[in-house]
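All values reported here derive from a predicted model rather than from experimental measurement.
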Amino acid sequence: FSITAFLTIYIFPKILPVLLGLKAELPWSTKGLIFLSNLFVNYGFVSVIGIIGLIILTWLILKIEKVRFRVHQVILYLPLVGGLSQNYNMANFCRTLGLLLKSDIKIVEALSITADTTNNLVYRQELRHISGDISKGEEISRHLEKNNHLFPIMLSQLVSIGETTGNLTDTLLYLSEFYENRFDETIKNLSIVLEPFLMIIMGTIVGFVAISIITPIYEITQNIRH
């Protein structure tokens, strides 16, 4: 991006008067690059201020809890990103709750603490609901089963076994390791998939700039020879 910006803002404007002076028909890619170059050169400062303002505005909007809740809700339904978010939150939920129970903290209080340490507002709300249900005598696994779009079926089944056998703490710690490993594996696979994709994007951008500059020069050279 730095190289592309350098070519577009500094190098291309120096070549542009020559291209326009010869009054040759320019290819569409060069015309597009001329538009971008003029935009950055003439309105670069305004564009930077606008981008900074947009970032600040987005940050302020995301500070509103209702908006953040909807954003976190949408994230969970996105392809790939939703699975990553779920694995991360499951690892955090199981690890925190398991360690708190291992420290002999009562389960209702442990669930409240776990909810407060959860970044995703959707899961935070559900954990607080679970804490309320537990105080009424309901089992954790029962609530997890009713919300299998947020909590995987395997999680609710193993938690149910842990509650039945009285071994919930070890079950939660085992599940936390499972989801942490799953999260790490997904990240590794994602990096492998993204690497060629990013190379294609970078190659396309640099190629577009290079073709936009070289093509009219080549055509003008050919016309001069003829």
Side-chain angles (χ1 to χ4, degrees), residues 1-2 4-5 9 36 39-40 42-101 103 105-136 138 140 143-144 146-152 155-156 159 172 175-191 193-194 197-198 201-202 205:
F1 287 126
S2 299
T4 304
I9 297 172
L36 291 175
L39 181 67
F40 287 130
N42 298 325
Y43 305 100
F45 180 76
V46 177
S47 300
V48 171
I49 295 298
I51 292 170
I52 293 173
L54 183 62
I55 292 171
I56 294 173
L57 180 63
T58 304
W59 179 77
L60 290 173
I61 292 173
L62 289 176
K63 294 290 285 184
I64 302 171
E65 190 166 340
K66 288 184 179 179
V67 176
R68 286 175 60 209
F69 182 89
R70 291 302 177 191
V71 170
H72 291 172
Q73 199 171 40
V74 170
I75 287 172
L76 291 172
Y77 288 97
L78 291 176
L80 190 62
V81 178
L84 273 174
S85 180
Q86 186 183 65
N87 288 332
Y88 172 80
N89 283 285
M90 290 301 95
N92 179 69
F93 159 63
C94 295
R95 173 73 66 186
T96 306
L97 184 59
L99 291 174
L100 290 171
L101 293 177
S103 302
I105 296 175
K106 293 182 179 180
I107 190 165
V108 175
E109 184 182 355
L111 281 166
S112 298
I113 295 172
T114 304
D116 293 336
T117 61
T118 301
N119 294 324
N120 189 290
L121 296 183
V122 178
Y123 280 105
R124 183 181 297 179
Q125 183 185 78
E126 288 302 320
L127 292 177
R128 285 173 179 167
H129 288 164
I130 293 174
S131 179
D133 291 342
I134 292 295
S135 63
K136 297 175 185 177
E138 188 174 324
I140 297 176
H143 188 98
L144 299 180
K146 290 187 293 185
N147 296 276
N148 54 20
H149 60 289
L150 294 175
F151 302 97
L155 175 72
S156 59
V159 167
L172 288 170
L175 285 168
S176 69
E177 292 181 4
F178 172 79
Y179 284 110
E180 284 171 4
N181 292 333
R182 196 170 179 178
F183 178 82
D184 291 339
E185 285 297 323
T186 306
I187 290 292
K188 289 177 183 177
N189 294 333
L190 183 63
S191 64
V193 172
L194 283 179
F197 181 70
L198 292 174
I201 291 177
M202 289 190 291
I205 293 172

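- Using a 4.5 Å heavy-atom cutoff, the side chains of V159 and C94 are not in contact.
- R70 has no carboxylate O lying under 4.0 Å from a charged side-chain N of E65, or vice versa, which leaves the two without a salt bridge.
- Taking the ring centroids of Y179 and F93, they lie at or beyond the 6.0 Å cut-off.
- Not one N or O on the side chain of N148 forms a donor-acceptor pair closer than 3.5 Å with the backbone of L144.
- Scanning both residues, Q86 and F151, for their nearest heavy atoms gives NE2-N, 4.3 Å.
- Atom CG of L111 and atom OG1 of T114 lie 6.0 Å apart (nearest 0.5 Å).
- Of all the heavy atoms in A110 and I105, the pair that sits closest is N-CG2, 3.9 Å.
- Interatomic distance, T118 OG1 to Y123 OH, rounded to the nearest 0.5 Å: 10.0 Å.
- Of all heavy-atom pairs between E126 and L150, the closest is CG-CD1, 3.3 Å.
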* To do: Test R95 against E180 for side chain to side chain contact (heavy atoms under 4.5 Å, CB included), laying out the working first.
  => CA-CA 9 Å; R95 173 73 66 186; E180 284 171 4; 3.2 Å; yes
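- Taking CD from E185 and CG from N189, the interatomic distance works out to 6.0 Å, rounded to the nearest 0.5 Å.
- With sequence neighbours excluded, no residue forms a side-chain hydrogen bond (donor to acceptor under 3.5 Å, both in side chains) with T96.
- The line from OG of S131 to CD of E109 is 9.5 Å long, rounded to the nearest 0.5 Å.
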* Passes side chain to side chain contact (heavy atoms under 4.5 Å, CB included), H72 versus R124? Steps please. -> CA-CA 11 Å; H72 291 172; R124 183 181 297 179; over 6 Å; no
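- More than 12 heavy atoms of other residues, nucleotides or ligands shown are found within 6.0 angstrom of CZ on F183.
- Distance alone, capped at 3.5 Å, is enough to place a donor-acceptor pair between the S103 side chain and the L99 backbone.
- Looking only at atom types and distance, the side chain of D116 has no donor-acceptor partner in the side chain of S112 under 3.5 Å away.
- Here the NZ atom belonging to K136 is positioned 6.0 Å from the CG atom belonging to D133, to the nearest 0.5 angstrom.
- Of the residues I134, L100, I130, the one that meets the side chain to side chain contact (heavy atoms under 4.5 Å, CB included) test with I107 is I134.
- Taking every heavy atom of both residues into account, L121 and R68 meet most closely at CD1-CB, 3.6 Å.
- At least one side-chain heavy atom of L76 sits less than 4.5 Å from a side-chain heavy atom of N120.
- Counting only N and O atoms by type, the side chains of Q125 and R128 include no donor and acceptor under 3.5 Å apart.
- If you take OG1 on T186 and CG on L84, they are separated by 5.5 Å, rounding to the nearest 0.5 Å.
- The heavy-atom pair separating Y88 from N119 by the smallest distance is OH-ND2, 3.8 Å.
- A 6.0 Å sphere centred on NZ of K146 holds more than 12 heavy atoms belonging to other residues, nucleotides or ligands.
- With contacts defined as side-chain heavy-atom distances shorter than 4.5 Å, the pair I75/V122 does not qualify.
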